[in-house]
Amino acid sequence: MNAGELLGLDRAHVWHPYGPMPGVRDSYLVSSAEGVRIRLADGRELIDGMSSWWAAIHGYRHPVLDEAVRDQLGRMSHVMFGGLTHEPAVRLCATLVELTGLDHVFLSDSGSVSVEVAVKMCLQYWRSRGRPAKRRLLTWRGGYHGDTFQPMSVCDPEGGMHRLWAGVLPEQVFVPEPPGGFDAPVDPGYLDVLAGAIERHSDELAAVIVEPVVQGAGGMRFHSPEYLRALRELCDAHQVLLVFDEIATGFGRSGAMFAMDHAGVRPDVMCVGKALTGGYLSMAATLCDAGVAEGISRGELPVLAHGPTFMGNPLGAAVANASIGLLRGTDWAGEVARISSGLRAALEPARSVQGVRDVRVLGAIGVVQLDHEVDITAATSAAVAQGVWLRPFRDLIYTMPPYVTADADVAQIGDAIAAAAKAG
Ligand SMILES: *Cc1c(COP(=O)(O)O)cnc(C)c1O
C-alpha cells in the first residue's frame, strides 16, 4: 500500500489518542526509527522530542534491547502467568523491589491497569481490615493517572472531563494543585489545606494518590518534594495509604531514579510503566509494601483478585531487565543532568516569544507554557519543519527526549519548541 492509501484507511477506520472518528487531520506516517530519530515514509527524519510519551529513554533500535527481545523470542514470547512463572519476570520483580525498597510486585500490561490494581489493593486492604467505609481517594488537582475509570476519577477534574462523566465516575476528594516550582519555598497555607482535607475525610479515605514532583499529562507542573514528605506524615497520622504514580517519572526522568527519591520518602503502593521496558513493549507494575499485602491476605478473600491475560509477558520482562540494566550500567544521572542544562539553555530564548507565559525545566523535561491554547496542527508542523517531533497539548509545548540525545539535537529541539510557540 502506498502512503496515500494507508493514510486514507487510517483516517477512515483507525482511532488515535483523544481523536475524533473519522479522523480530521492526517497523522504522520512513520516507516522506522533508530537512535533518537523517527523516519517518516516520505524520507524526512525527525529528532524525537517526546521519547514516544516518556517511554523510549534509550532511543530506538538500541542494540542491547533489540538483542534482549530476540533472545527471549528464541525461548518463548509468552506463557500464561497463572500457575507458571519464568526467569525474566522473577528477575524483573526482584530488581524493582531492590530499586524501590517496596516488597511485592504485580505486573500488568499498561499504566492505567497498574493504577486500577493500586486502587484495588488499597480498597481491599481496608475491607480486609474491617473498614469498608474507607473507599475514597484524595488527590490534588492537575494530576493524570490514566484513562480507565478509576484512574480517570483522580485525573484533574477539568482536563479529565469529569463533567462529561458526572454520575459515572466515583467522586473523589480533590485539594487544589500543589504550589508550582521544584525549588519554591514551601507554602505553609497549602500544608494546612492538605492536613485539613486528610483529617476531615480520614474515615472514608482509602488512600492519597499523587504523581510525585512532576505532574505530567495533567499540566506538566513541578512541585517541591516537601509536599510529599508532608503527605507521608499526614497519611501515617490518619491511617490513610499513600500511592505514588511514577509511571511518567520513573527510571531517571526527573533527575532521580524515582521522583520520590527527591523527597526521601516511600509510598505504601507505587505504579511504574512507560519507560519500564525502554519503550519497547507495553508493561507496567504495581508495587506495595509488606503491610499492604499482609492486610489483604488476612481478609475474608485472602487474594488479590486480578490477573491480566498477558501478565508477566516474557518479552516485556526481558526487555525491561535489559533497559534497567542499561540504565544502571551508565551514568544516567549525568546524562539527564547534561540534557537538563542543554534544555535550560535551549529554551531560554522561548521566554521572549510573544504569548509564552512560563518556561520550566526539571531533569530531562522541558516545558514552554503559553497564555493560550496551542494550535496543535500549526505548532506540530512548525516543529516538524525544524526536524523535530513534538506533541503539544492544551497550552503546553514540551519535551522529554531520550537520555541519549546529543547536545546538538537538544539545541535543535529548543529551536523547534521556539518555532512551535511562535506558530501555535
Ligand atoms: C501515562 C500515564 C498513565 C497511564 O498509563 P497508560 O500506559 O497510558 O495506561 C498513568 N499515570 C501517569 C502518571 C502517566 O503518565
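First listed ligand is number 1; within each ligand, the first listed atom is number 1. Counting begins at 1 with the first residue of the sequence.
Side-chain atoms of H223 do not come within 3.5 Å of backbone N or O of A184 as any donor-acceptor pair.
The local environment of CE in M76 is crowded, with over 12 non-hydrogen atoms from other residues, nucleotides or ligands closer than 6.0 Å.
Partners of H262 under the ring pair (Phe, Tyr, Trp, His ring centres under 6.0 Å) rule, at least two apart in sequence or in another chain, are F182. For T95, the side-chain hydrogen bond (donor to acceptor under 3.5 Å, both in side chains) criterion is met by no residue, not counting sequence neighbours.
Within 4.0 Å of ligand 1, heavy atoms belong to protein residues S110, G111, S112, Y144, H145, G146, E211, D245, I247, A248, K274.
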Could you list the donor-acceptor pairs under 3.5 angstrom formed between side-chain atoms of residues 163-173 and any protein atom two or more places apart in sequence or on another chain?
from, atom 1, to, atom 2, distance (Å)
Q172, OE1, L137, N, 3.0
Q172, NE2, S153, OG, 2.9

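Between Y227 and W140, the ring planes lie perpendicular to each other; the angle is over 60°, past the 30° to 60° tilted range.
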